[in-house]
2 protein chains.
Amino acid sequence: MLTENGGSVPSRPPALREQRLVQTREQRQRLDVDCNSCAMAQLCALGPCDAQPCERPNRAVHGVRTVRRGQSLYRAGDSFQSVYAVRAGSFKRVVMHRDGLEQLTGFDIAGDMLGIDGISTGTHACDAIALEDSSVCVMPFVLLQSLCREIKEIQHRVHQMLAAEIVRESSQMLLLGAMMAEERVAVFLVDLSERWQARGYSACSFTLKMTRREIGSYLGLKLETVSRMITKLQKDGLIAVNGKDIRILDPDTLRNITAADRQ
Amino acid sequence: MLTENGGSVPSRPPALREQRLVQTREQRQRLDVDCNSCAMAQLCALGPCDAQPCERPNRAVHGVRTVRRGQSLYRAGDSFQSVYAVRAGSFKRVVMHRDGLEQLTGFDIAGDMLGIDGISTGTHACDAIALEDSSVCVMPFVLLQSLCREIKEIQHRVHQMLAAEIVRESSQMLLLGAMMAEERVAVFLVDLSERWQARGYSACSFTLKMTRREIGSYLGLKLETVSRMITKLQKDGLIAVNGKDIRILDPDTLRNITAADRQ
DNA sequence: CGGGTGCTTGAATAGCGTCAACTCTGGTGG
DNA sequence: CCACCAGAGTTGACGCTATTCAAGCACCCG
């Protein structure tokens, strides 16, 4: 099954041969993958493990794959072989339904893991689409599993990674099920801010890689509502907005936005 | 930290001593736990593994614990030691927020796993509260982990279990973010129906263990809205309702409820 | 028998979605 | 270089859905 495909284009089979070629070329890149010198090591599931001098992680990394903006790393229904660590760029994960109902379930940036939705059934449950030209480390799951059986600490990290995703989704359910529109947008911005900060970037100034529509799909809102709430936060002096550039002016107040009355 | 406590009562320390005693008594029950004769074996993470004659699973099960209706199996903030397999009864999982905002993130019935929200941080991220008198198998996580390193198949099952929860939560995000009230209730009933069926019970007739308010919290709706939608489904002849007793009359139509127009 | 809880139903309201107009930007091709 | 177009974003007016508030019934338990 094809794993590479246009993201925004609805028609699937425009140039099958060429896409196949692109995929092969990408997967052939084996470059200089060295986990010990990776900038994302601290965040990666295979990051520095204190117990060992650690040439080990490299063993699980099969290579690097690049994905261009709008193309998919994998699609729902693709057979599951590997998980991926984002080296550079960013992705969105989208779950679909019959009759065009769709939901953006997550944004992944450098240091995040992708593909774990395929573990349970052996088939990916969502599409992972690059928001910009991106690259990932490919980790065949069978290799990762055997590494888990050998090295206790890596086993623990993988379990933590899976469980962390469960907790993250729980708070997203809280957001979707119980928060008002303004609160959702505020939480979204604070969350992004903290994630950039954890990666060594500025917490108060960053660029959105996604459109208003994508933010809306993630937050359970329409794009117009997202736009209105962003405007409102700006009018209230909590953020400064210029298109996709966001500056957070008052993080404390932003963090404390709640529905005014709540018993 | 206390792990046993009243569920519906807001005041925490009414009878600390007694609750501590209750907990100890419960944890002492070691009874006749035998995974090979367990009715839930097919659904359990430690269920029958074809590779081995399997006296092994028993090794990870430390004992049985009973939890009375309204009491908690664990609470957010409790230190994480074990995961649990529900033997009998049912639980709700609740995540909380400052200022009283809360969201029900899941219902767990016989065969489901509980407690995995504690793996990532070593501290439970939600409350697990019994909806009726219930009992669980206690599996200390360190035992489960070492079993994973020994037996490939159990490792695979545990990974599948964790990943399945991720996928399940993704579809709940789809529900919360993109579905109308009627659709949410319909999906909820179909899901419950299928889960009872997977456990050998009737798919078309079952009893809700939870209140309308709890269903509402799970679906991101108010209890009045849940009530109205249930009434509507009944008027449309898709289900028959008598309080908490539900009969599904037209599963196919129920499964196909969508927002009428969706481009 | 009284009081609490759960559930249903109605009427009014608020919040978000829908529709539409308009601007701005980036990319394409003449 | 400019005309053109498609997509992204903003804003306003209006409508609909779900919430809020309120009343009333059924049930359980002390």
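Listed pair B/Arg228 / C/dT8 fails the phosphate criterion, with no side-chain N or O lying under 4.0 Å from OP1 or OP2.
Counting to the nearest Å, the P atom of C/dA14 and the CD atom of A/Glu182 are 17 Å from each other. Distance B/Met179 CE to D/dT17 C1': 17 Å, rounded to the nearest Å. One atom, CZ of B/Arg213, and another, P of D/dT19, lie 13 Å apart when rounded to the nearest Å. Put simply, CD1 on B/Ile215 is 12 Å from P on C/dG6, counting in whole angstrom units. With rounding to whole Å, A/Arg212 atom CZ is found 7 Å from D/dG9 atom C1'. The distance between atom CZ of A/Arg184 and atom P of C/dG15, rounded to the nearest whole Å, is 14 Å.
The pair A/Arg69-A/Asp133 does not count as a salt bridge, with every side-chain nitrogen at least 4.0 angstrom from each carboxylate oxygen. Between B/Lys209 and B/Glu132 there is a salt bridge, since at least one side-chain N of the basic residue sits less than 4.0 Å from a carboxylate O of the acidic one.
Under the rule for a salt bridge (Lys or Arg N to Asp or Glu O under 4.0 Å), the partners of A/Arg93 that lie at least two apart in sequence or sit in another chain are A/Asp108, A/Glu165. Residues meeting the salt bridge (Lys or Arg N to Asp or Glu O under 4.0 Å) test with A/Asp236, sequence neighbours left out: A/Lys232. Looking at residues two or more places apart in sequence or on another chain, you find no salt bridge (Lys or Arg N to Asp or Glu O under 4.0 Å) involving B/Glu102. Contacts of A/Asn256 classified as side-chain hydrogen bond (donor to acceptor under 3.5 Å, both in side chains), with partners at least two apart in sequence or in another chain: none. For A/Arg247, there are no salt bridge (Lys or Arg N to Asp or Glu O under 4.0 Å) partners, not counting sequence neighbours. Under the side-chain hydrogen bond (donor to acceptor under 3.5 Å, both in side chains) criterion, A/Arg195 pairs with A/Asp112, sequence neighbours left out.
To the nearest 0.5 angstrom, A/Ile109 atom CD1 is 8.5 Å from A/Tyr201 atom OH.
Within residues 216-225 of chain A, the residues that have a heavy atom under 4.0 Å from DNA chain C are, in order of number, A/Gly220, A/Leu221, A/Lys222, A/Glu224, A/Thr225. For DNA chain C, the residues of residues 229-246 of chain B within the heavy-atom distance limit of 4.0 Å (strictly under) are B/Thr231, B/Lys244, sorted by number.
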Go along nucleotides 24-30 of chain D 5' to 3' and tag each nucleotide: B for a protein heavy atom under 4.0 Å from its base, S when only backbone or sugar atoms are that close, - otherwise.
-------
Show every donor-acceptor pair shorter than 3.5 Å between a side-chain atom in residues 170-178 of chain B and any protein atom, with sequence neighbours excluded, or say none if there are none.
unit_1	atom_1	unit_2	atom_2	d
B/Ser170	OG	A/Glu169	OE2	3.3
B/Ser170	OG	B/Ile166	O	3.1
B/Ser171	OG	B/Val167	O	3.2
B/Ser171	OG	B/Arg168	O	3.0
B/Gln172	OE1	B/Tyr218	OH	3.4
B/Gln172	NE2	B/Tyr218	O	3.1

Test side chain to side chain donor-acceptor pair (under 3.5 Å) on B/His124 and B/Asp78 and set out the steps.
CA-CA 5 Å; B/His124 283 291; B/Asp78 286 358; over 6 Å; no
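Although no hydrogens or angles enter the test, the distance criterion places no donor-acceptor pair under 3.5 Å between the side chain of A/Asp245 and the main chain of A/Thr207.
Direction of the helix axis in the helix from C/dC1-D/dG30 to C/dG30-D/dC1 shifts by 40° between the two five-pair termini, rounded to 10°.
Among residues at least two apart or in separate chains, there is no salt bridge (charged side-chain N to carboxylate O under 4.0 Å, His left out) pair with a member in residues 220-230 of chain B.
When each of D/dG9, C/dT8, C/dC16 is scored by its nearest atom to the side-chain atoms of B/Ser227, the top-ranked nucleotide is C/dT8.
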